[in-house]
Structures are given as C-alpha cells and as structure tokens.
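Below, read A as the first sequence line, B as the second, and so on, with proteins coming before strands; counting in each chain starts at 1.
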Protein chains: 2
Amino acid sequence: MKTDRLDKGVRERLLDTAEVLFAADGYDHVSIRDITRYAQCNLAAVNYYFKGKQGLYLDVFRHHMIPRARRIRDFFWKRIKSEKKTTVETVVRALTEAYMHGPLSQEEVEIHHKLMARELTNPTKALDMMVEDVIRPFVAEVSALLRPDLKSISDEELLLDVISVFALILYFTFGRLPISKVTGREYTDKYRDKLVEHVTRFSLYGLGCNIKDKET
Amino acid sequence: MKTDRLDKGVRERLLDTAEVLFAADGYDHVSIRDITRYAQCNLAAVNYYFKGKQGLYLDVFRHHMIPRARRIRDFFWKRIKSEKKTTVETVVRALTEAYMHGPLSQEEVEIHHKLMARELTNPTKALDMMVEDVIRPFVAEVSALLRPDLKSISDEELLLDVISVFALILYFTFGRLPISKVTGREYTDKYRDKLVEHVTRFSLYGLGCNIKDKET
DNA sequence: GTCTATAGCAGGATAGAC
DNA sequence: GTCTATCCTGCTATAGAC
C-alpha cells in the first residue's frame, strides 16, 4: 500500500491513505487533517470528492474492501475448480489457504481484517454492505459445496458448521494480537503455516470428518 | 445494570454507568459529559475520583471486568469439581456453558464481550491486564485439565486446540450481530441452546474426540 | 467533597478566492 | 478543481467558589 504516489490522482490517494489510517487507528482517531496530510492534498478535498469523512469511509469499503473480499472468493473458486473432486477436505483447506496464503499480501490481510474487526464492534452501514455483497453469498456457496458430503445434518446445522469454520479462520487471522500474547509466539511465516494446518485439521474434525494423513 | 441508584455513591455509579456506555458506544463516542449526566453527578467527579477519563476506563476493567471474568472461571471450576471424572467432554461442555449459560446475566454477557471485543481491536493497557490476570491463567488451567486425555499431541498443539475452543465460544457469543445477519435468526434463548450444543459438538470433534450421543 | 465556569484545544465542515 | 481562512461545535481538564 505504499503506492500513494502523486501520479495516482487525489481521489485514489485519498482512498488508499484513508484505508491504511482507518485500519491502523480506527475511524475516530483519524482526522481528515491526518488523511489529507498523508495523501498530500488539501483538507477540503475530502469534502469535495466524498461529501465528508463518513462518505470517504464508505467509499473505502465500496472500492477496496469489497473487491478485495471478492479476490479471496475468486482465489478459493479457482482452487476448487482445479481439483478433480471436491471433498470436505479440499473445501476446508482451500478456504483456509485463501485467507492465510491467498491472493492478498500480508499487509492487505492486516488492513482488511482490522477494518472488518472494527466494523464488527462498531457496526455501520459498511458492515451491511459487506454482509450483503460478500459474506452471505460466500457462506451460501461454501454451504452448497459441502452439502453433498454432509447429508445427515440439517440446513441449519450445516450453516452453523460453515460459520464455525469461518470463525476459526478469522479468529486466527485477525486475533493475532491476543494469540501472540497467550502463546508467546510471533506470527512468522513458519508459524502461520502451522496455524493453517491446525485450523484445517480442527475444522475437518469439527465437521465430523476424518482427515487423511498428509505430510505437513 | 439498572442499579445506578443514587444510594450507591458517586464512585460506584460512575463505574456502573461508564461500563454500560463504553460497551454500547465505545470509548471515543462516550464523553464524560454523557457519563456524568447518566450517573447523575457532576462533570468534575470523573477527574476527582479517577484522574480523568482514561483512569475511569481502566478502573472499569479493574473493578468490573476482571472480577466478572473470574466469576466465569469459578463457575467453570465448581462444575468441573462436581463431576466424578473429567473427560474432554465434561471440560468442553462446562466451558461452553460457563460462557453461555453461566453466572452472568444476558446483559452482563453483552457488556463484557462488547468491551472485550473493543479491546481486541483497540488494544490498551486494559487488554494486558485481562490477558495477564485472567485469560492466560485460564487457558493454562484448561490446557492442564485436557492434557491427560490428549496425550498424543504436543504442548503447542494442545494450546492451539484450547485457543480454538475459546475462539468458537467467543465468536458465537460476541459475534451475534453478523451471525444473526447471516443466519437470519435472532439470539433467542432457544437458539442459544442450539448454539451451545453446536459449539460443544464442533469443539469435541475438533479436538479429535467422539462425543457420546446425548439427547438435546 | 461537590459544583460552576471556563480555559484551551481539536475536529468537521464550508465559503469563497484563484 | 484546488486551496486558504474561518466558523462552529464538542471535548477534556482544571481553577476556584461554596
């Protein structure tokens, strides 16, 4: 995200900068004075382009967050379609890796989840957008994929199962802070690999399936 | 928490009120003007008793959050000690119910998790206090309880397993908002029972153990 | 101990020059 | 389209009367 180059146009620079700052410090702690200073443009530009701070915030979701979430989804689907056969294991693994080793840079993952986490605790219109445009459809698609292999459970149970898998993935991705505090381990690349394995295994067992042994 | 009665003393009223308001709207959105108005005391009282807004916030954690978390822990232990034999199932179930059907009123659960969720995304000194005083010891205790039944895995795996169980419990407790949006169901008592069953089952399977059938 | 009044600052928004 | 200057509101914190 260090692409706030001056050749990008004020509008884009504002979106880039605002996203980084909002993620880092939260909506309230960031002033439009901060944003315009970092974006190297004038204070009034925010009002000119986005009709105010709130408008800028929503446009960050419209133009960055939603497309980025779609990239995770596309990555997942490409993976699924490349498999000969979709089993519970391939689905869960593809999902975990789409988040943890997917199309997003580490920096983007960080930003994305910080903003999402903030929305969960301070819900605004942006959360509704994410739920409607990305989360709900994605959950539905994953549920449909798993349906054939989990015949014995109800639709409602299936939904809760899928949510649980997402919960684990999200928790281990965005909860790095307390997790690091409790485990005493930094999120190095190596540790992230370990977490991917852990989440995949735990989810698979959780779904009631046995995972085939697989060299890590 | 509607116990902000005038006979409680200004100090206690301020702690009660501040907790409710901070949980509902977040530290930044709540002014000491709001707090003192609701607590029916003077604006200057916050500075007099707590040396400022931040001091009040930290004292909410010291005097409400930490003791409350300890109550969950105590509830869990009482339950464990009443069992003839501690199995993985009894531990997981006791843990889930301590959070979801435990010693806290629904209102307290709400407040507690909102404040914790806010700390996770906006970490302050309060999070360190919670981790050191409550979370880390509790995780260690649960790990020790499970150790005998999960001999085959390393300490590190065990820790991740325990964190995963907590992750599910916390997600389904504090993540009610997006979950309701996705499932389209309100968190009624009946639905909460269902969630307890789901979390317990998913965790047990996740830990690699088979759950005995049990009438729901 | 409790209150009023106010200092002192920072923020969002906007009017209007260029 | 871009910028400066400014308005207005709201905040925390404190000084000092009672």
Rounded to whole Å, the CG-C1' distance (B:Asp25 to D:dC11) equals 16 Å

For A:Phe50 and D:dT2, give me the distance from atom CZ to atom C1', rounded to whole Å.
-> 15 Å

List the steps and the verdict of ring-ring contact (aromatic ring centres under 6.0 Å, His included) for A:His29 and A:Phe22.
-> CA-CA 8 Å; A:His29 279 114; A:Phe22 284 147; over 10 Å; no

Working for salt bridge (charged side-chain N to carboxylate O under 4.0 Å, His left out), residues A:Arg71 and A:Asp74 | CA-CA 5 Å; A:Arg71 281 166 60 206; A:Asp74 293 343; over 6 Å; no

Go through B:Phe166 and B:Phe138 one step at a time and tell me if the ring-ring contact (aromatic ring centres under 6.0 Å, His included) criterion holds.
-> CA-CA 10 Å; B:Phe166 274 102; B:Phe138 199 15; 5.6 Å; yes

Can you tell if the side chain of A:Gln106 reaches within under 4.5 Å of the side chain of A:Tyr187, non-hydrogen atoms only?
-> no

B/S/- along nucleotides 4-18 of chain C (protein heavy atoms under 4.0 Å) is B------BBBB----

Output yes when at least one side-chain N/O atom of A:Tyr49 is less than 4.0 Å from OP1 or OP2 of D:dG1, else no.
-> no

Drop me the distance from A:Thr17's OG1 to A:Gln40's CD, to the nearest 0.5 angstrom.
-> 9.0 Å

